[in-house]
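Each remark here refers to the structure printed beneath this line.
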Protein chains: 2
Amino acid sequence: MTDDRIMTIREMCDAYDVTPRTLRFYEAKELLFPIREGQKRLFTKRDRARLKLILRGKRFGFSLEEIRQLLDLYDMGDQQQTQLARTYEIAQQRLSDMEAQRDELNQAIDELKEQMRWGEKMLASMDQSKRAAE
Amino acid sequence: MTDDRIMTIREMCDAYDVTPRTLRFYEAKELLFPIREGQKRLFTKRDRARLKLILRGKRFGFSLEEIRQLLDLYDMGDQQQTQLARTYEIAQQRLSDMEAQRDELNQAIDELKEQMRWGEKMLASMDQSKRAAE
DNA sequence: ATGGGAATTTACGTTGACGTAACTCAGACG
DNA sequence: CGTCTGAGTTACGTCAACGTAAATTCCCAT
């Protein structure tokens with residue numbers, strides 16, 4: 001299976017369009033845990049799954065720290081239920097934050113659209129006078 | 001008219017809920033141009049109008065640099081319609097960015113909710129076994 | 001004159017997510 | 001054996017948008 005292949009740092013960089021620095025940085029921040037064979041890092045299927053989630057999280061505007069916490073939720077097996085419950089709390093908190101953020105964003109979008117109707121009219125009228133002047 | 005009153009830095013801070021540091025910072029970044037009477041800054045109606053736009057811009061997620069450019073174009077007023085059109089373009093771009101961001105956010109919210117249903121069941125079942133064990 | 005309370009300037013600190021040297025080290029190749 | 005390539009480590013640099021501290025200056029009331 002090419003699925004559980006092990007990848008070098010370069011293969012990872014090419015596959016996910018990130019720099020080596022970024023991968024090492026993520027490792028330092030305990031977001032990834034590549035195998036350390038001697039000096040080299042070897043990235044497993046698990047690292048790839050985590051990296052995908054990291055990148056997606058970033059697109060959503062999460063901080064790396066928030067992402068780290070969410071990642072812990074993902075690969076929690078049969079841990080202590082207090083831990084699990086705690087993580088669940090965090091996720092809930094994060095969810096309501098996101099919903100609030102979405103609502104603000106929607107409001108901002110509406111406001112901006114409103115603003116733009118202004119400029120639209122302005123442009124139209126200026127276009128008119130420009131045509132008239134020709 | 002209290003409309004074209006001149007305001008001190010403190011009055012501005014109170015009126016717009018910003019710190020003096022912020023106002024000086026905006027001046028340094030050439031977003032505001034208060035009159036310098038001796039040492040003191042005096043903010044005119046124009047500065048207030050600009051500040052309002054700055055704060056609104058920030059809510060829309062523009063960077064200060066983007067805002068500065070928009071303000072400059074805005075200032076050109078009805079001079080060049082090309083500038084106005086450019087402003088409109090920028091706003092449109094930002095709008096679609098925001099909408100894309102909102103959509104991604106919504107998707108992320110759904111996904112996170114999905115994840116959480118997982119943890120919910122898990123918590124419930126663990127609670128069961130805990131009760132049973134007592 | 002003196003103290004108090006603003007406002008000012010200068011300049012270093014902060015946070016997050018890496019970028020960018022600079023230097024070392026380990027294999028691979030000819 | 002020398003060199004080239006790729007990977008590694010260490011550590012300082014960057015960018016945004018201010019915060020914060022220190023030292024100074026100003027006007028005004030007591």
Side-chain angles (χ1 to χ4, degrees), chain A residues 5-44 47-48 50-71 94 97-98 101 104 108, chain B residues 5-44 47-48 50-72 90 94 97-98 101:
Chain A
R5 256 204 69 222
I6 257 174
M7 293 172 66
T8 73
I9 202 168
R10 267 260 57 88
E11 291 172 322
M12 289 292 283
C13 292
D14 294 346
Y16 298 97
D17 194 33
V18 293
T19 70
R21 178 71 177 96
T22 300
L23 293 178
R24 297 191 194 106
F25 183 75
Y26 289 168
E27 183 188 5
K29 290 282 171 174
E30 305 194 81
L31 288 155
L32 296 179
F33 308 95
I35 305 167
R36 301 306 299 270
E37 187 151 316
Q39 282 292 55
K40 307 200 176 287
R41 290 166 174 82
L42 296 175
F43 297 83
T44 69
D47 292 309
R48 290 195 291 280
R50 292 176 72 94
L51 181 54
K52 279 182 210 165
L53 292 176
I54 292 169
L55 297 177
R56 189 168 59 182
K58 291 205 57 184
R59 287 202 309 278
F60 297 154
F62 288 99
S63 72
L64 287 187
E65 174 54 22
E66 289 169 325
I67 291 173
R68 200 182 56 70
Q69 295 180 15
L70 287 179
L71 277 176
R94 199 42 221 158
D97 283 357
M98 286 171 67
Q101 191 184 331
E104 275 185 66
Chain B
R5 256 205 68 221
I6 258 174
M7 292 172 67
T8 72
I9 202 169
R10 266 263 55 94
E11 290 172 323
M12 289 291 282
C13 292
D14 295 345
Y16 297 96
D17 193 34
V18 293
T19 70
R21 178 69 177 97
T22 299
L23 293 177
R24 296 192 195 105
F25 183 75
Y26 288 168
E27 183 187 5
K29 290 282 171 172
E30 305 194 83
L31 287 155
L32 296 178
F33 309 95
I35 306 168
R36 301 307 299 272
E37 186 152 316
Q39 283 292 57
K40 307 198 178 287
R41 289 167 174 83
L42 296 175
F43 297 83
T44 70
D47 292 309
R48 290 195 291 279
R50 291 176 73 93
L51 181 53
K52 279 181 210 165
L53 290 176
I54 292 169
L55 297 178
R56 188 184 310 160
K58 290 202 61 182
R59 286 203 309 278
F60 293 159
F62 289 99
S63 73
L64 287 186
E65 176 54 22
E66 287 171 323
I67 291 173
R68 196 184 59 71
Q69 294 178 17
L70 288 177
L71 280 175
D72 288 352
I90 293 175
R94 189 87 256 287
D97 283 357
M98 287 171 68
Q101 194 183 329

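First the proteins, then the strands, lettered A, B, ... as listed; each starts at 1.
Rounding to the nearest 0.5 Å gives a distance of 7.0 Å between CZ of A:Arg5 and CZ of A:Arg48. A distance of 7.5 Å separates CG of A:Asp47 from CZ of A:Arg50, quoted to the nearest 0.5 Å. Rounded to the nearest 0.5 angstrom, B:Leu70 CG and B:Phe62 CZ are separated by 5.5 Å. We find the CG-CG distance between A:Asp17 and A:Leu55 to be 9.0 Å, quoted to the nearest 0.5 Å.
When all heavy atoms of A:Tyr26 and A:Leu64 are compared, the closest pair comes out as CE2-CD1, 3.6 Å.
The salt bridge (charged side-chain N to carboxylate O under 4.0 Å, His left out) pairs that include a residue from residues 52-63 of chain B are A:Glu111-B:Arg59, where partners are two or more places apart or lie in different chains.
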Q: Let me have a per-nucleotide readout for nucleotides 8-24 of chain C, 5' to 3', with B, S or -, counting only protein heavy atoms under 4.0 Å.
A: BB-B-----BBBB----
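When the salt bridge (Lys or Arg N to Asp or Glu O under 4.0 Å) test is applied to A:Arg24, no partner is found at least two apart in sequence or on another chain. Scanning for side-chain hydrogen bond (donor to acceptor under 3.5 Å, both in side chains) contacts around B:Thr19 gives B:Thr22, with sequence neighbours left out. Judged as a side-chain contact (heavy atoms from CB on, under 4.5 Å), and not counting sequence neighbours, the contacts of B:Glu65 are B:Ser63, B:Arg68, B:Gln69.
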Can you give each donor-acceptor pair under 3.5 Å made by side-chain atoms of residues 29-40 of chain B, sequence neighbours left out, with the distance rounded to 0.1 Å?
from: B:Arg36; atom 1: NH1; to: B:Glu27; atom 2: OE2; distance (Å): 3.4
from: B:Arg36; atom 1: NH2; to: B:Gln39; atom 2: O; distance (Å): 3.0

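Comparing the helix axis at one end of the helix from C:dA1-D:dT30 to C:dG30-D:dC1 with that at the other, each defined from 5 consecutive pairs, gives an inter-axis angle of 30° (nearest 10°).
You can see that DNA chain D meets the heavy atoms of chain B within a 4.0 Å-exclusive cut from D:dA17 to D:dT20, reading 5' to 3'.
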